[in-house]
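Lettering of chains follows the sequences in order, A, B, ..., and the numbering in each one begins at 1.
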There are 2 protein chains.
Amino acid sequence: MSCSVTLKQKGFRLTPQRRLIVDIIHESHGHLTAEEIIDYVQSRVEGVNKSTIYRTLELLEELGCVYRSRLGDHFIYHHAEEGRHHHVVCHSCGKSVDLDDDLFAPVEQAVEERSGFHVGFTHVVMRGLCPECRAKGLHDHGWAFGIESLHHH
Amino acid sequence: MSCSVTLKQKGFRLTPQRRLIVDIIHESHGHLTAEEIIDYVQSRVEGVNKSTIYRTLELLEELGCVYRSRLGDHFIYHHAEEGRHHHVVCHSCGKSVDLDDDLFAPVEQAVEERSGFHVGFTHVVMRGLCPECRAKGLHDHGWAFGIESLHHH
DNA sequence: CTACCTGCAAACTGTTTGCAAACAA
DNA sequence: TTGTTTGCAAACAGTTTGCAGGTAG
């Protein structure tokens, strides 16, 4: 179901600002940082405040419309419609590739077997080095990289 | 090799502050947040400044003596002597369990096969729900959790 | 009408930096 | 002695909050 419909259904108002933010997240097929969303929004409509954007993103996350994950210092957002999946982002050139939901199944199972802990990877964004950048002789040794994920409420 | 020796070998001074920080990291068998390290240090010696602690931790990471990973909003630190390994931390009670190095091997392989990207998981800290807390009826559905890792330079 | 939303400005949090004084070697 | 290291205070960046005025329904 579309985010706009979800908003209205749950009794939230569909303001122009919210509509714009929802549109941007839907139009982007990748993941966006909060900063990118702020820039896109403000390039289309002057005067939309970043706190409005953060508040809208928080709301959309609570409604299950978007995933929010942390990548390094930033949060990144991704619409939740295409279901569970993961990303790898190249450290060097920033290129990103999607990966299937099942990627972490072996890890989930192994963690459960070895420790009894239950973990679930809903939307993980990890950093790596893409084939092209590797061919250029870059190494990922010494690169800091992080992966994070967040449950969809 | 011990952190103190590494420091001296590379021409860095072994000050009381640095010795104290190294001791605390070694004494702790788990992982510590920057804040915990600051608290421990300051409870033993008054007047040690947090910027000194951050600078020392940064240095120790550069020397390969400690790992630094992000867990949510904080960095956490762990001495690097026991080699590669990972952790799961319970969302609810904070209990933590160590996991073997090889945990993410299937993921590393799958990412490489599917995307050509090269990723390496040196020291991942993830959140989950421990058996006891699960038995208490807590669910991890709806919990935000993150895993992050950092390469050891 | 009137809650809900927004813009603004200011607060916040964890981390980082610049600089003069202190100190290890 | 002397260049590294420290403590202090202030900067920083991204995110969050309080509040008065604005607007969707």
Side-chain angles (χ1 to χ4, degrees), chain A residues 3-22 31-42 44-63 65-77 125 144 146 148 150, chain B residues 3-22 31-42 44-63 65-77 125 144 146 148 150:
Chain A
C3 298
S4 311
V5 175
T6 308
L7 275 169
K8 300 198 88 172
Q9 262 197 352
K10 306 259 174 139
F12 295 99
R13 292 187 184 158
L14 192 50
T15 63
Q17 293 90 332
R18 286 180 178 168
R19 198 188 300 268
L20 182 51
I21 292 163
V22 165
H31 38 71
L32 297 166
T33 62
E35 201 185 0
E36 284 167 339
I37 295 171
I38 292 169
D39 288 347
Y40 282 130
V41 167
Q42 294 182 342
R44 293 207 203 165
V45 177
E46 276 285 303
V48 180
N49 196 270
K50 65 184 171 183
S51 63
T52 302
I53 297 170
Y54 277 113
R55 279 190 279 231
T56 300
L57 292 171
E58 186 187 10
L59 178 60
L60 292 173
E61 200 209 345
E62 277 161 16
L63 295 176
C65 290
V66 306
Y67 296 126
R68 171 170 108 152
S69 313
R70 187 182 267 279
L71 187 60
D73 291 341
H74 304 255
F75 287 115
I76 62 166
Y77 297 86
V125 182
E148 291 218 25
L150 205 75
Chain B
C3 298
S4 311
V5 175
T6 309
L7 275 169
K8 300 197 86 171
Q9 262 198 351
K10 305 257 176 140
F12 296 99
R13 291 188 186 159
L14 192 50
T15 63
Q17 292 91 331
R18 285 180 177 168
R19 198 189 299 267
L20 182 52
I21 293 163
V22 165
H31 38 71
L32 297 166
T33 62
E35 202 186 359
E36 285 168 336
I37 295 172
I38 293 169
D39 288 346
Y40 282 130
V41 167
Q42 293 181 343
R44 294 208 203 163
V45 178
E46 277 284 304
V48 180
N49 196 271
K50 65 183 171 182
S51 63
T52 303
I53 297 169
Y54 277 114
R55 279 190 281 231
T56 300
L57 291 170
E58 186 187 10
L59 178 60
L60 291 173
E61 200 210 344
E62 278 162 15
L63 295 176
C65 290
V66 306
Y67 295 126
R68 172 171 107 151
S69 313
R70 187 182 269 279
L71 186 62
D73 292 340
H74 302 256
F75 287 115
I76 61 166
Y77 298 86
V125 182
E148 291 219 25
L150 205 77

d(CZ, B/Arg70; P, D/dG14) in whole Å: 12 Å
Under 3.5 Å, is there any donor-acceptor pair linking the side chain of A/Arg68 to the base of D/dG14? no
Measure CG/B/Asp73 against C1'/D/dA13 and give the value in whole Å, please. 13 Å
Given DNA chain D, 5'-ward residue of the pair B/Thr15 and B/Lys50, judged by closest heavy atom: B/Thr15
Applying side-chain contact (heavy atoms from CB on, under 4.5 Å) to B/Lys10 and B/Leu63, what does each step give before you reach the verdict? CA-CA 9 Å; B/Lys10 305 257 176 140; B/Leu63 295 176; 3.9 Å; yes
Which residue lies more 5' along DNA chain C, comparing A/Arg13 with B/Asn49 via nearest heavy atoms: A/Arg13
Tightest non-hydrogen contact, residues B/Val48 and B/Gln42, listed as O-NE2, 2.7 Å
Rounded distance (Å) that lies between atom C1' of D/dA13 and atom CD1 of A/Ile38: 12 Å
Atom OH of A/Tyr77 and atom P of D/dG14: how far apart are they, to the nearest Å? 13 Å
Go through B/Thr56 and B/Thr15 one step at a time and tell me if the side-chain contact (heavy atoms from CB on, under 4.5 Å) criterion holds. CA-CA 10 Å; B/Thr56 300; B/Thr15 63; over 6 Å; no
For B/Gln17, report the nucleic acid contact type (base, sugar-phosphate, nothing); a contact means any heavy atom under 4.0 Å. sugar-phosphate
Can B/Asp73 and A/Arg70 be said to form a side-chain contact (heavy atoms from CB on, under 4.5 Å), step by step? CA-CA 9 Å; B/Asp73 292 340; A/Arg70 187 182 267 279; 3.1 Å; yes
Mark yes or no: A/Arg68 above the aromatic ring of A/Tyr77, with NZ or CZ under 6.0 Å from the six-membered ring centre and no more than 45 degrees from the axis. no
Terminal contacting nucleotides, 5' and 3', DNA chain C versus chain A (heavy atom, 4.0 Å): C/dA3 to C/dC8
Return the 5'-most residue of the pair B/Arg55, A/Val48 with respect to DNA chain C, ranking by each residue's nearest nucleotide. A/Val48
Pairwise side-chain contact, B/Val22 with B/Leu14, heavy-atom cut-off 4.5 Å (strictly under): no
Looking across every strand, which nucleic acid part, if any, lies under 4.0 Å from B/Arg18 by heavy atom: base, sugar-phosphate, or nothing? sugar-phosphate
Considering every strand and a 4.0 Å limit on heavy-atom distances, what is the contact class for B/Gly11: base, sugar-phosphate, or nothing? nothing
Nearest-0.5 Å distance that lies between atom CG in B/Asp39 and atom CD1 in B/Ile53: 8.5 Å
